[in-house]
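In this text, all values refer to a predicted model and were calculated from it rather than measured experimentally. Order of listing sets the numbers, starting from 1, for every ligand and every atom in it.
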Amino acid sequence: MEVVIVPDAKAGGELIAEAIAALVRRKPEALLGVATGSTPLPVYEALAGTVRGGGVDVSRARICQLDEYVGLPAGHPESYRSVVLREVVEPLGLGEDAFMGPDGTAADVQAACEAYDRALGEAGGVDLQLLGIGTDGHIGFNEPCSSLASRTRIKTLTQQTREDNARFFDSLEEVPHHVITQGIGTILEARHLVLLATGEGKADAVAQSVEGPVSALVPASALQLHPHATVVVDEAAASKLKLADYFRATYAAKPEWQGL
Ligand code: PGA
């Protein structure tokens with residue numbers, strides 16, 4: 001995989017936004033898989049700025065969701081559907097018809113998972129999937145020991161993830177225990193995976209994912225199995241990488257036209 005070390009989160013956001021813009025210029029109807037959480041916000045901000053400045057026309061692009069809480073009432077501001085509409089779809093000037101996600105309010109959650117997994121394939125597959133990483137190494141909500149071949153399904157959050165996400169809710173008790181997440185096998189079907197990690201809190205998870213063995217214990221290590229995976233990290237998140245200097249030199253020597 002390619003590891004790109006950037007000075008800070010803003011630079012990471014700008015770099016990935018440019019990669020998304022370049023993709024949409026090549027393929028205007030691209031299906032863009034987005035992630036929630038704090039990390040990807042600089043990407044969405046930079047991309048919306050490029051769109052406002054006329055740098056790319058995203059009017060035909062489509063947006064799809066990576067994961068969702070189960071059991072929050074429809075329209076809850078912290079449901080990932082609401083978050084993606086607010087942080088991505090609206091700022092890009094798109095409508096809800098450009099958006100697809102799993103139904104976290106479905107009575108039959110299993111059927112909703114299978115329907116979403118199928119819908120992604122029927123939509124032509126995800127062109128670029130943006131990922132964050134949990135402090136426990138999760139991607140999407142694939143917690144440690146998720147099958148590396150898993151499909152979209154219901155998962156139970158670890159206590160650590162619930163605590164990490166409690167800042168979005170009034171209390172820890174309000175954080176749902178269950179989620180729907182694209183499986184690791186589903187995520188690996190996207191044509192390009194771009195993982196962004198910033199801050200020292202992610203340094204261990206990044207080092208294990210990039211330099212450790214492929215292991216279900218560290219779900220993000222599955223990116224090693226993908227032919228086109230890019231990991232963008234700031235200096236703090238890169239601080240535990242043994243090969244940091246090699247990654248810097250490799251990226252510095254890369255021709256600019258190649259993009260991510
Ligand atoms: P964060 O979440 O960007 O808010 O740290 C990342 C994740 O849990 O995947």
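- Put simply, the side chain of His138 does not reach to within 4.5 Å of the side chain of Thr158, judged on heavy atoms.
- Looking at residues two or more places apart in sequence or on another chain, you find no ring-ring contact (aromatic ring centres under 6.0 Å, His included) involving Tyr44.
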Pick out the protein N or O atoms lying less than 3.5 Å from any N or O of ligand 1, and list each pair with its distance.
unit_1	atom_1	unit_2	atom_2	d
ligand 1	3 (O)	Ser38	N	3.4
ligand 1	3 (O)	Thr39	N	3.0
ligand 1	3 (O)	Thr39	OG1	2.4
ligand 1	4 (O)	Ser38	N	2.9
ligand 1	4 (O)	Arg167	NH2	2.8
ligand 1	5 (O)	Lys202	NZ	2.6
ligand 1	8 (O)	His138	NE2	2.7
ligand 1	9 (O)	His138	NE2	3.4

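- The salt bridge (Lys or Arg N to Asp or Glu O under 4.0 Å) test with Arg81 is passed by exactly one of Glu68, Glu87, Glu96: Glu96.
- Arg153 pairs in a side chain to side chain donor-acceptor pair (under 3.5 Å) with only one of the listed residues (Thr181, Asp117, Asn142), which is Asn142.
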Worked check of side chain to side chain donor-acceptor pair (under 3.5 Å) between Glu200 and Ser239: CA-CA 7 Å; Glu200 207 184 338; Ser239 60; 5.3 Å; no
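- Residues Leu66 and Val109 do not share a hydrophobic cluster, defined by chaining ILVMFWY side chains whose heavy atoms lie under 4.5 Å apart.
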